[in-house]
Amino acid sequence: MHNLRQYQVPLQKYMAMMDLQETSERLFYKLLIDHVEELLPVVYTPTVGEACQKYGSIFRRPQGLFISLKEKGKILEVLKNWPQRNIQVIVVTDGERILGLGDLGCQGMGIPVGKLSLYTALGGVRPSACLPVTIDVGTNNENLLKDEFYIGLRQRRATGEEYAEFLHEFMTAVKQIYGEKVLIQFEDFANHNAFELLEKYGTTHLVFNDDIQGTASVVLAGLIAALKFVGGTLADQRFLFLGAGEAGTGIAELMALEMSKQTNVPVEEARKKIWLVDSKGLIVNSRWESLQHFKKPWAHEHEPINELVDAVKAIKPTVLIGTSGVGRTFTKDVVEAMAALNDKPIILSLSNPTSQSECTAEEAYKWSQGRAIYASGSPFAPIEYEGKTLVPGQANNAYIFPGLGLGLIMSGAIRVHNDMLLAASEALAAQVTWENFDKGLIYPPFTNIRKISAQIAADVAAKAYELGLATRLPQPKDLVKYAESCMYSPTYRCYR
Ligand SMILES: NC(=O)C1=CN([C@@H]2O[C@H](COP(=O)(O)OP(=O)(O)OC[C@H]3O[C@@H](n4cnc5c(N)ncnc54)[C@H](OP(=O)(O)O)[C@@H]3O)[C@@H](O)[C@H]2O)C=CC1
Ligand SMILES: CC(=O)C(=O)O
Ligand SMILES: [Mg+2]
C-alpha cells in the first residue's frame with residue numbers, strides 16, 4: 001500500500017495493481033480485500049474506464065481471452081488454450097458499450113478483467129475459476145480504427161447473421177467445455193444485442209446480464225432500504241428515468257415486478273407508475289410505432305415532452321434515476337424541480353464513469369438544500385453541507401453480482417430467475433442500518449462486502465432450492481455458513 005500510495009495518477013495505480021495481479025495474485029487480492037474502499041475506484045469504476053480508453057498504449061501483457069472473428073469455427077480450440085479447465089464464471093463483452101464511454105472494441109477487456117477481480121475479492125470465487133472473455137467482432141470507433149496501438153481487428157463491427165452465428169458458436173463451445181453450470185455474465189454489450197442474447201440463451205444456459213439485471217437488483221435494494229427509513233411503499237412512488245436502455249428498462253421492469261408482488265396488482269398496472277425519457281423525450285403512446293421493443297411496455301398516454309425538466313414538472317416523480325450515459329444532464333433546474341416537489345427527493349445518477357454521472361453528489365446536495373437522498377454509479381467523496389457531513393452511496397451492480405454469482409455456483413443452479421434478483425435486493429437492503437442512512441447512505445459500506453455477499457449468496461441459493469433450480473443436493477443446512485466456507489481467501493500459510 002505504501003508503494004501504491006506513491007502514485008498520484010489513478011491510471012498509474014491501476015497499472016501497478018495490474019502488474020501485481022500478474023506477479024503476485026494472492027497479494028493483489030489481499031490488498032483489494034483489506035483496502036476495498038480505497039482500491040475499488042482503482043481496479044473498477046472510474047479508473048477502469050480510463051484504462052479501457054487508453055488500453056492500447058498502456059498494454060503490457062494480455063489478460064483474459066480474446067476471441068476474434070478470425071477464429072470462427074475454432075472457438076472450442078481457442079477455449080482449450082486457456083490454462084485452467086475448472087471454470088465457474090465467465091464475464092464476456094464485445095466492447096460495444098463500455099460504461100458510458102461507447103464502443104471501445106476489444107479495449108473493453110478491462111471490464112471483464114475488473115468485474116472478475118470483484119467476483120474474487122467481493123464474492124470469494126476462486127481466481128482460477130474466473131475467465132474474462134472479449135469477443136472481437138471489430139469496432140465502429142473511427143479513432144480506434146486509425147490508432148496505431150489498437151490491438152483488435154481493424155474492421156467495422158460484424159452484425160446480423162454473422163454476429164449471431166459467432167456468438168452462438170461461443171455459447172455452444174462454452175457449455176461443451178465447461179458444462180451446464182458455468183455462469184456466463186454478459187457485460188457492456190450494446191442494447192441492440194444485449195436483450196436478444198439474454199432472451200435467447202436464458203432458457204438454455206446459466207446466463208445473467210449485469211447491466212440489465214444486476215443494476216436492477218442493486219437499485220431496487222437501495223429503494224427498499226431508503227423507504228424503510230423514510231416510510232412509504234414502492235407503490236406510493238412515482239419514478240422518472242433519464243435513459244431507457246439496458247439499465248433504465250431493466251430497473252423499471254424489476255421494480256414493476258416487485259410492486260406487483262407487494263400489492264397484488266398485475267405487472268402492467270404497476271408499470272404505469274414508471275416513466276422513462278430517452279434521447280427523443282418522454283416515452284409516450286404516440287411514439288409506439290418507432291419504439292424499440294424494450295421501450296414499448298413503458299409507453300403511457302401523455303402529450304410528448306422533450307426536456308427532462310418539463311417531464312419532472314409534469315410527471316412529479318418522487319424518484320429520479322439517471323441511466324443515460326450522459327454526464328451533467330441533471331442540471332440545477334432539474335434538481336431544483338425535484339426538491340420543490342419532494343421533502344426528500346431520491347436522486348440516483350447511475351451513469352459511469354464519474355465524467356458521465358448525471359450530477360455530482362455536491363450538486364445534488366447543494367441544489368436540494370441538503371435534502372436529496374443521493375447515490376451514484378461511481379464513487380463521490382463525502383460533502384460538508386451546513387455543518388453536516390453527507391456521505392453519498394454507490395449504486396453499483398458490484399454490490400450484487402459477486403454474491404449472486406456465488407449463490408448460483410454454490411447451489412449448482414442451472415438457470416437465473418427474476419425471484420433470485422429480488423432475493424438479492426432484499427438481502428442487500430436488509431444490511432443497511434439506521435446509522436448508514438443517517439449519514440446519507442442507502443447502501444452499506446463496501447468494507448463489509450464479503451459478509452454481505454455471503455448473505456446475498458445464501459438467499460439466492462435458498463431461492464434456487466425453492467424453485468427447484470439447484471442441483472447441489474442435499475441442501476446445506478446453514479447456507480450463510482456454507483457460503484462463507486466456499487469463499488476464497490488470500491491467506492498466507494505457515495509452512496513450518
Ligand atoms: N451504476 C451501475 O451499476 C450501472 C450503470 N450503468 C450506466 O448506465 C449508463 C447507460 O447504460 P445502458 O442502459 O446499458 O445504455 P443504453 O445504451 O442501453 O441506454 C442509454 C439510454 O440513454 C438514452 N440517452 C442517451 N443520451 C441521452 C440524452 N442526452 N438524453 C436522454 N436520454 C439519453 C438513450 O436513448 P435512445 O434509446 O433514444 O438512444 C438510451 O435510452 C452507462 O453510463 C452505464 O455506465 C449501467 C449499468 C450499471
Ligand atoms: C457498472 C456497470 O456495469 C456499467 O457501468 O456498465
Ligand atoms: Mg456494465
Side-chain angles (χ1 to χ4, degrees), residues 40-41 44-46 48-49 52 91-104 108 110-112 114-116 118 185-196 198 208-222 240-254 275-283 287 290-296 298 305-309 311 320-331 334 348-358 375-380 392-402 428 443:
L40 212 52
Y44 190 52
T45 185
V48 71
C52 290
V91 175
V92 57
T93 188
D94 71 356
E96 194 168 4
R97 195 285 278 142
I98 294 298
L99 307 177
L101 302 171
D103 182 352
L104 297 184
I111 296 295
K115 292 269 177 184
L116 282 164
L118 304 197
Q185 173 165 318
F186 294 121
E187 191 72 51
D188 291 9
F189 282 75
N191 62 37
H192 54 93
N193 291 316
F195 288 101
E196 242 174 83
L198 185 60
F208 161 71
N209 184 303
D210 191 31
D211 302 299
I212 301 171
Q213 298 171 296
T215 316
S217 184
V218 79
V219 170
L220 181 60
L240 182 65
F241 287 77
L242 183 72
E246 294 168 64
T249 63
I251 301 164
E253 190 58 28
L254 197 69
W275 296 78
L276 291 95
V277 170
D278 66 9
S279 66
K280 297 183 184 66
L282 190 65
I283 297 184
R287 293 179 52 196
S290 62
L291 289 175
Q292 288 137 291
H293 66 95
F294 51 87
K295 293 180 185 168
K296 287 191 191 287
W298 310 103
I305 298 182
N306 291 330
E307 297 301 324
L308 177 63
V309 66
L320 178 66
I321 302 180
T323 51
S324 62
V326 185
R328 308 303 177 265
T329 33
F330 290 173
T331 56
V334 168
L348 308 179
S349 61
L350 299 184
S351 293
N352 296 315
T354 316
S355 57
Q356 312 310 110
S357 186
E358 282 78 8
S376 55
S378 299
F380 281 107
Q394 194 177 344
N396 194 294
N397 47 32
Y399 272 109
I400 292 290
F401 68 78
L428 177 57
Y443 295 99

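Below, each value reflects all heavy atoms present in this structure, side chains not excepted, and no hydrogens, waters or symmetry copies. Every number for a ligand or one of its atoms is a count from 1 in the order of the listing.
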When you compare ligand 1 with [X], is there at least one nitrogen or oxygen pair between them that comes in under 3.5 angstrom?
X      : value
Glu246 : yes
Ala247 : yes
Val218 : no
Leu242 : no
Asp211 : no

Need the ligand 1 atom indices (1-based, order shown) with element for anything under 4.0 Å from a heavy-atom of [X].
X      : value
Gly100 : 42 (C), 43 (O), 45 (O)
Gly377 : 1 (N)
Val326 : 26 (N), 27 (C), 29 (N)
Thr323 : 10 (C), 20 (C), 21 (C), 22 (O)
Ala244 : 21 (C), 40 (C), 41 (O)

Of the backbone atoms (N, CA, C, O) and the side-chain heavy atoms from C-beta on, which set of [X] has a member under 4.0 Å from an atom of ligand 1: side chain, backbone, both, or neither?
X      : answer
Thr215 : side chain
Ala398 : neither
Asp188 : neither

The Mg ion (ligand 3) contact by Glu187, N, O or S atom under 2.8 Å | yes

Could you tell me whether ligand 2 has any atom less than 4.0 Å away from a heavy atom of Phe401?
-> no

Does ligand 1 have any atom sitting under 4.0 Å from a heavy atom of Arg97?
-> yes

Would Lys295 count as a contact of ligand 1 if the rule is a heavy atom under 4.0 Å away?
-> yes

Would you mind listing which atoms of ligand 2 come within a distance below 4.0 Å of any non-hydrogen atom of Lys115?
-> 1 (C), 2 (C), 3 (O)

Taking non-hydrogen atoms only, is Thr45 closer than 4.0 angstrom to ligand 2 via side chain, backbone, both or neither?
-> neither

Counting only heavy atoms, which portion of Thr215 has something under 4.0 Å from ligand 2: side chain, backbone, both, or neither?
-> neither

